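Working notes, structure below.
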There are 2 protein chains.
Amino acid sequence: MSNRFDGGVHTAGTLAVASNTRTPSRPAARPASRRPRARARRTRPPVAPSDRATPGAPTRRCTLSTQRPTLADVAAAAKVSVSTASLAFSGAGPIAAATRQRVLDAATELDYSGPNPLGRQLRQGRSGIVGVVVGDALRRSFRDPVSVQVLDGLVGTIGPLGLGVLLIPGADELTAATVDPLVESAAMDVAVLLWGGTTDDPVLASLRRRGIPTVLVEGKQFTDMATVGIDDRGGVATATRHLLELGHTRIATVTLPFNRERREGVADEERMTALDWEITSRRLAGITDAGVTPVAVYETPASLVEHGADAGRALLSAPDRPTAIVCQSDLLAGGVVLAARELGLRVPEDVSVLGFDGLDLPWLAPDVLTTVAQPLAEKGAAVAHAVEDLLAGEMPPYRELPVSLRIGTTTGPVPA
Amino acid sequence: MSNRFDGGVHTAGTLAVASNTRTPSRPAARPASRRPRARARRTRPPVAPSDRATPGAPTRRCTLSTQRPTLADVAAAAKVSVSTASLAFSGAGPIAAATRQRVLDAATELDYSGPNPLGRQLRQGRSGIVGVVVGDALRRSFRDPVSVQVLDGLVGTIGPLGLGVLLIPGADELTAATVDPLVESAAMDVAVLLWGGTTDDPVLASLRRRGIPTVLVEGKQFTDMATVGIDDRGGVATATRHLLELGHTRIATVTLPFNRERREGVADEERMTALDWEITSRRLAGITDAGVTPVAVYETPASLVEHGADAGRALLSAPDRPTAIVCQSDLLAGGVVLAARELGLRVPEDVSVLGFDGLDLPWLAPDVLTTVAQPLAEKGAAVAHAVEDLLAGEMPPYRELPVSLRIGTTTGPVPA
DNA sequence: AGAGAGGGTCGAATCGATTCGAGCAGGGTT
DNA sequence: AACCCTGCTCGAATCGATTCGACCCTCTCT
């Protein structure tokens, strides 16, 4: 039952590539003792033989290993020197319009599609690549719109600078000892750690060892790395005061993970000492700053709706339930609201819920979260500027972006 | 009110890099007419002066432009040849354990952190980079878990192969004429187009011109590019038959965008002719295959909850409303369900809703979508294998993954 | 007419590795 | 003793560009 279209066939009519008549051009004076290897442009082997070759399948060869023309070929065809040909493409330096055109024509003729980036990169000592280490498996990381929006802001700002973003999976939660090979050996001019690491982060250690300038987003601050953060502590404090003004006293909180372990459940005394992630402890501290001691601190393994729902169910079905719940992310808060609805509780009449991030959650309608909004796109742009600074050889100062309390429909006066 | 922590200061104690005593090693016999430039390892200029220099800010210089040691330095220190030193790192070739250790020690001593990837890449003619063109602004693209999960599957499979993913923003919807500079000139061995392009896609044209092997996900098929797809047409047909069996006859559909324009609203005759995107028309065709002519075709500008909600409100508040709505994505379906709830309609008693993708939507609880599930992680893996094939010089055959109807709680018998 | 200026080209070095085959030393075989 | 491996190491070419300064040629100015 394979209902598939056979899309229109459309092959670009490529001219046959001109022959490689380039002579090996050996150095003028050579020892002459050894005959130079007569490899006229050795064709590269097509990589590993790929052990998963489908037995009976028809293997069309594709045009990968075709000898592509080089700048030297173009220069020869245009009867100019390589340096002049280079100028024609880069535009960096004086070149006569006619010459330039001749080179460009020759390029078209030879089907040369511009200078090979690898050559350029080696020469310039720059790859033009910014490695972005996402804190976790993409699958999970990107379910959180926060990461995505920051990344989007980042890409939007560094793209025009001619930089590209290389996606690097962070350490797996359990096999945290090993670092992704990309961290160890990918070419990148700068690295960015979304959800900046902890002191012992092996990724950080690896980047340091490689001497790659790094930008941390929301992490601890180190003198040798740039940091971009937000005033989350102050934001949470403000938001908590808002709850106090509404008369709440029994306030619980739902937090982001404490550390790599990512446990789930109410944190006891002992667990509190294991709090390692900067972002979690800062937001927790915001509550204390407002003079509130949470009646319960519920740790979640990730900022996801389902974990928020679990937390909400647990906190709201306990006896002497809190009248307000401060959540460290909007997704968690959304989950808590869903749990409340599920338990037949009205929001905010029976329980107030506070989020963090300022996301737009259409599926929560008709409710609109009261939340501490952070400027996500700006954060991405700030990261981009930090990247730019590092590239220019400067260590940018710590940059803290402001947050703002946005009142929605999920917070209200304490129930009588 | 800046409540910020001053994170623990922690600087890696780097040894001073050994002096660069390497002599310029000019060719044995040289014309001697011109004195060779006496640049002993010219220090590279720190790039563009960055016109956005913050005036009064204290600019700490960072250690970017420090001369880093090269393999030659290490070889010299270890008193072996460069080739031997290379062997010590790459492990490709016979080398005595003692020699190897000596090289490694020398490397540690010099604070050399492994071969420069750029040199390797140039030599090997491979960048180890897979460019992934996301169809749109990341912000929007990644709000759709479908893209994210496929990307995750892809990264998970090609990561171990030593390949990295370069994120490339697709053409903006309006300025579609221009292509991202990365498409034009980034170093990549293979490109992947999530949401494969249409025939006239400028991105496709650019990649073709550059001769970069490409994998299309869910696009039209071309002979010169690899394609991975799913049996969405068959899946929609099966799902539609399910609705027929439940007795539905007034069936509407909510679709993905028709083309770059991304219009919103019920499509009239004329608009139907503008249907350009393969994926949309295939899923639409599935309905027809089941022998159903939709009572309304509602086009949305993107696969997002809010657009689904808009569609739902429009379709369900019309007179003679449909008893079932087939949606081309789960997010759209979720939005439709929310709209139904909003209008006081019960799902599935009053209206059945069918999704596509097989996502897990915790916020839709207690409802669980009936949906056509596609194997997203596998799709990512299939793309990865296609990439691998292209890298090995083979054009992989079209690969179509199966889908499966997953019955949830959002479809039921037609209302009496 | 000669000097000076300056636009345009070119040669050669260089970026940092990989890779191939040659060569060399030492041990085992006939 | 001659010979052949075997196992390591090394020299040199090469990947494909960029970039610097030298040089040449023409035009202008005095």
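Every value quoted in this text rests on a predicted model; they were computed, and no experiment measured them. To find a chain, count down the sequence lines: A is the first, B the second, and so on, and within it residues start at 1. Hydrogens, waters and symmetry mates are skipped; everything else that's a heavy atom, side chains included, is used.
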Q. Judged by atom type as modelled, is there a donor-acceptor pair below 3.5 Å linking the side chain of B:D389 to the main-chain atoms of B:M395?
A. no
Does [N] have OP1 or OP2 under 4.0 Å away from a side-chain N or O of [X]?
X      : N      : answer
A:R120 : D:dT18 : yes
B:Y112 : C:dA17 : yes
A:Q124 : D:dT19 : yes

Rounded distance in Å - [atom1] ([X]) to [atom2] ([N]):
X      : N      : atom1 : atom2 : result
A:R100 : C:dT9  : CZ    : P     : 12 Å
A:R123 : D:dT18 : CZ    : P     : 10 Å
B:R126 : C:dT19 : CZ    : P     : 12 Å
B:Q121 : C:dC15 : CD    : P     : 18 Å
A:L71  : C:dC10 : CG    : C1'   : 13 Å
A:R68  : D:dC15 : CZ    : P     : 15 Å

Q. A:S113 and B:R210: which non-hydrogen atoms are nearest, and at how many Å?
A. OG-CA, 3.5 Å
Q) Can you name the closest pair of heavy atoms from B:G131 and B:I168 and give their distance? A) CA-CD1, 3.9 Å
Q) Side-chain donor or acceptor of A:S81 under 3.5 Å from a matching atom on the base of C:dG11? A) no
Q: Between B:L118 and B:A92, name the one whose nearest nucleotide on DNA chain C is closer to the 5' end.
A: B:L118
Q. In terms of side-chain heavy atoms, does B:E184 have a donor or acceptor partner in B:S206 at a distance below 3.5 Å?
A. yes
(Q) Evaluate B:L161 against B:L391 for side chain to side chain contact (heavy atoms under 4.5 Å, CB included), listing each step before the verdict. (A) CA-CA 11 Å; B:L161 270 64; B:L391 240 30; over 6 Å; no
Q) Under a 4.5 Å cut-off applied to non-hydrogen side-chain atoms, are A:L151 and B:L167 in contact? A) yes
Q) Does some side-chain heavy atom of A:T214 sit less than 4.5 Å from a side-chain heavy atom of A:F222? A) no
Where the side chain of [X] is defined as all heavy atoms beyond and including C-beta, which of [options] is the nearest nucleotide?
X      : options                : result
A:T70  : C:dA17, C:dT9, D:dG16  : D:dG16
A:L87  : C:dT9, D:dA17, C:dG16  : C:dT9
A:L122 : C:dC15, C:dT18, D:dC15 : C:dC15
B:S83  : C:dA12, C:dG16, C:dC20 : C:dC20

Polar pairs (N or O, both sides) under 3.5 Å between protein and nucleotides 6-8 of chain D?
none

Q. A:F89 near the nucleic acid: base, sugar-phosphate alone, or nothing, with a heavy-atom cut-off under 4.0 Å?
A. nothing
